[in-house]
There are 2 protein chains.
Amino acid sequence: MTDHAKQAQASAGDPIVLIVDDDPSMRRALTNLFQSVGLKVEAFSSAAEIMEAKPPAVPSCLVLDIRLPGSSGLDLQADLAKANIHTPIIFITGHGDIPMTVRAMKSGAVDFLTKPVRDQDMLDAVQAAIERDRKRRDAEKSISGVRSRFEGLTARERDVLVLVASGLMNKQVAAELGLAEITVKIYRGQIMRKMEAKSLADLVRMTDALGIPRNRGHLQT
Amino acid sequence: MTDHAKQAQASAGDPIVLIVDDDPSMRRALTNLFQSVGLKVEAFSSAAEIMEAKPPAVPSCLVLDIRLPGSSGLDLQADLAKANIHTPIIFITGHGDIPMTVRAMKSGAVDFLTKPVRDQDMLDAVQAAIERDRKRRDAEKSISGVRSRFEGLTARERDVLVLVASGLMNKQVAAELGLAEITVKIYRGQIMRKMEAKSLADLVRMTDALGIPRNRGHLQT
DNA sequence: CTACGGCACAAACCTACGTATAGCTCGCGC
DNA sequence: GCGCGAGCTATACGTAGGTTTGTGCCGTAG
């Protein structure tokens, strides 16, 4: 646990592989494999165990035996999704079937490897999974700042933002909201400052990134 | 062939299922199944045969036996991808294995069903696949207009568009391109007219939809 | 050679945008 | 009750955006 906490605080570019397998020899073998290529590793023996640990703060992936004590690997995948944890998952299985594979892949698994697993296949899969997680984290981080700035807007500023980002002129926004044009201008200035947008183009992209619906869809996007 | 052409000209909301299977009884069974729920069907007996037919112009999906005479279903999937045909694919297999399944799913297959296939499973999969294709076509159509308008811009207009959509002021665009500000203004007006953008917000969204790179990334999107 | 389209600029003019300064009401917390 | 922030407006001024009209150069297709 202390170990885990320490690793979670490591530099953001230092990925970690999380292993969940009830077979100690398998855990050991995988741990050795990953450490041999310089990857950090954290091993768990059950689904419950990893659900208790806090989600890693660095690019990471899960290597998951599909057959686990208690809940299956697919259940764990579903639980993680429900908990809004999107760490990429690589499944390994000794006796999986095709419907199981399809379900896992449909739910977003990166790969599904059959025992005996070739070392290179596993490393390739982990490489791809970590890369995917890194990209997801980068994207997440980039909008989190925008989102928190948006939270800092007042209700009226948000009203104005929606309409301005829809492409309406100040006077149209004013008419829409029953305001004077000057009022819209002032809010607009406050919005630009608070959102740290250097241009209208910036602001438009921010609202799109936040998924803010446009008031009038003039464009066929 | 004449039949096929006629069907391809049917109303855009009238989906079609394309079947590729070398077993005539399977083709017949699937055809009956799909027709029983009101779906149009076109059956082929080999990969080569369907590659010759022109891609359908309506929402559609492929039902593909993984083992085909000549090339396998996976090869056909790869060939279609290379030919830039993105019709969703549902595989059926009598004796597939997990690596095959993983490869198919990674390459974007909608589903991978094992024989004997339950009718309801097949219909559900086809339903999902057609829905996916419909969405993809809608998205495609919505940007195709924007793209063709962009093609109609002159080289210089595109230069200006990139910088304007990056959020630069006219004078900055002018400096960047070594032009007078008035010239930029005039191009800008032409761009708005040619692109049929009613506002700068529109224009920004169009450039983003076209995947036009921004000159200076001021924003963390 | 001429016509046409792309490219570039200028003067004049109008509209839209943005900020500063100032003043008002309302509701909330101390 | 007082301060405070949100909300709203006005006057005034300066900058940015946008169109019109007109001019000129260049290359190329007819």
Side-chain angles (χ1 to χ4, degrees), chain A residues 146-208 210 212 214-216 218-219, chain B residues 146-208 210 212 214-216 218-219:
Chain A
V146 176
R147 177 164 286 117
S148 67
R149 276 173 269 159
F150 178 75
E151 307 290 348
L153 297 181
T154 68
R156 217 52 170 147
E157 282 164 356
R158 289 179 207 185
D159 293 342
V160 173
L161 172 54
V162 169
L163 298 176
V164 165
S166 301
L168 299 194
M169 288 186 308
N170 288 340
K171 64 169 70 170
Q172 294 175 304
V173 175
E176 197 84 15
L177 298 176
L179 298 176
E181 188 181 348
I182 181 64
T183 311
V184 173
K185 286 184 183 180
I186 289 168
Y187 284 147
R188 189 167 172 160
Q190 288 168 352
I191 291 166
M192 295 298 281
R193 248 180 296 110
K194 287 190 181 180
M195 294 299 288
E196 293 170 28
K198 294 183 193 61
S199 65
L200 179 58
D202 266 15
L203 200 65
V204 169
R205 294 198 171 95
M206 286 179 186
T207 59
D208 283 6
L210 289 175
I212 293 174
R214 295 195 274 308
N215 190 257
R216 278 147 164 62
H218 287 303
L219 174 62
Chain B
V146 177
R147 177 163 286 117
S148 68
R149 276 173 268 157
F150 178 75
E151 307 291 349
L153 297 181
T154 68
R156 218 48 172 150
E157 283 163 355
R158 288 180 207 185
D159 292 343
V160 173
L161 172 55
V162 169
L163 297 176
V164 166
S166 301
L168 298 194
M169 288 184 307
N170 287 341
K171 63 169 70 170
Q172 294 174 304
V173 175
E176 197 84 15
L177 297 177
L179 298 175
E181 189 182 348
I182 181 66
T183 311
V184 173
K185 286 185 183 181
I186 291 168
Y187 282 145
R188 190 166 172 160
Q190 288 169 352
I191 291 166
M192 295 298 282
R193 246 178 299 111
K194 287 189 181 179
M195 294 299 289
E196 293 170 29
K198 294 182 193 63
S199 64
L200 179 58
D202 265 15
L203 199 65
V204 169
R205 294 198 171 95
M206 286 179 185
T207 59
D208 283 7
L210 290 175
I212 293 174
R214 294 196 274 308
N215 190 258
R216 279 145 164 63
H218 288 303
L219 173 62

Please state how far atom [atom1] in [X] lies from atom [atom2] in [N], giving the value in whole angstrom units.
| X | N | atom1 | atom2 | result |
| --- | --- | --- | --- | --- |
| B/Glu157 | C/dA8 | CD | C1' | 13 Å |
| A/Met169 | C/dC14 | CE | P | 18 Å |
| B/Leu153 | C/dC7 | CG | C1' | 15 Å |
| A/Leu203 | C/dG18 | CG | C1' | 14 Å |
| A/Glu176 | D/dC8 | CD | P | 15 Å |
| A/Gln190 | D/dG5 | CD | C1' | 11 Å |
| B/Leu200 | D/dA16 | CG | C1' | 12 Å |
| B/Arg193 | C/dG6 | CZ | P | 12 Å |

Selection from [options] that lies nearest to any side-chain heavy atom of [X]:
| X | options | value |
| --- | --- | --- |
| A/Ala155 | D/dG7, D/dA10, D/dT20 | D/dG7 |
| B/Glu181 | D/dT9, D/dG17, C/dA16 | D/dG17 |
| B/Arg188 | D/dG17, C/dC17, D/dT20 | D/dG17 |
| A/Ile182 | C/dA16, D/dA10, C/dC9 | D/dA10 |

Counting only side-chain nitrogens and oxygens, does [X] get under 4.0 Å of the OP1 or OP2 atom of [N]?
| X | N | answer |
| --- | --- | --- |
| A/Tyr187 | D/dC8 | yes |
| A/Lys185 | C/dT19 | no |
| B/Thr154 | C/dC7 | yes |
| A/Arg156 | D/dA6 | no |
| A/Asn170 | C/dA16 | no |
| B/Thr183 | C/dC9 | yes |

Practice item. State plainly whether the residues B/Asp159 and B/Arg156 are in salt-bridge range, i.e. N to O under 4.0 Å. Key: yes
Determine the minimum heavy-atom distance between [X] and [Y], stating which atoms define it.
| X | Y | value |
| --- | --- | --- |
| B/Ile191 | B/Leu161 | CD1-N, 3.7 Å |
| B/Leu210 | B/Arg147 | CD2-CA, 3.7 Å |
| A/Ala165 | A/Val204 | O-CG2, 4.3 Å |

Exercise for the section: Remember a base hit wins even if backbone is also touched, and classify B/Leu179 as base, sugar-phosphate or nothing at under 4.0 Å, heavy atoms. Expected result: sugar-phosphate
Quick one: are A/Arg158 and A/Val162 in side-chain contact, heavy atoms under 4.5 Å? no
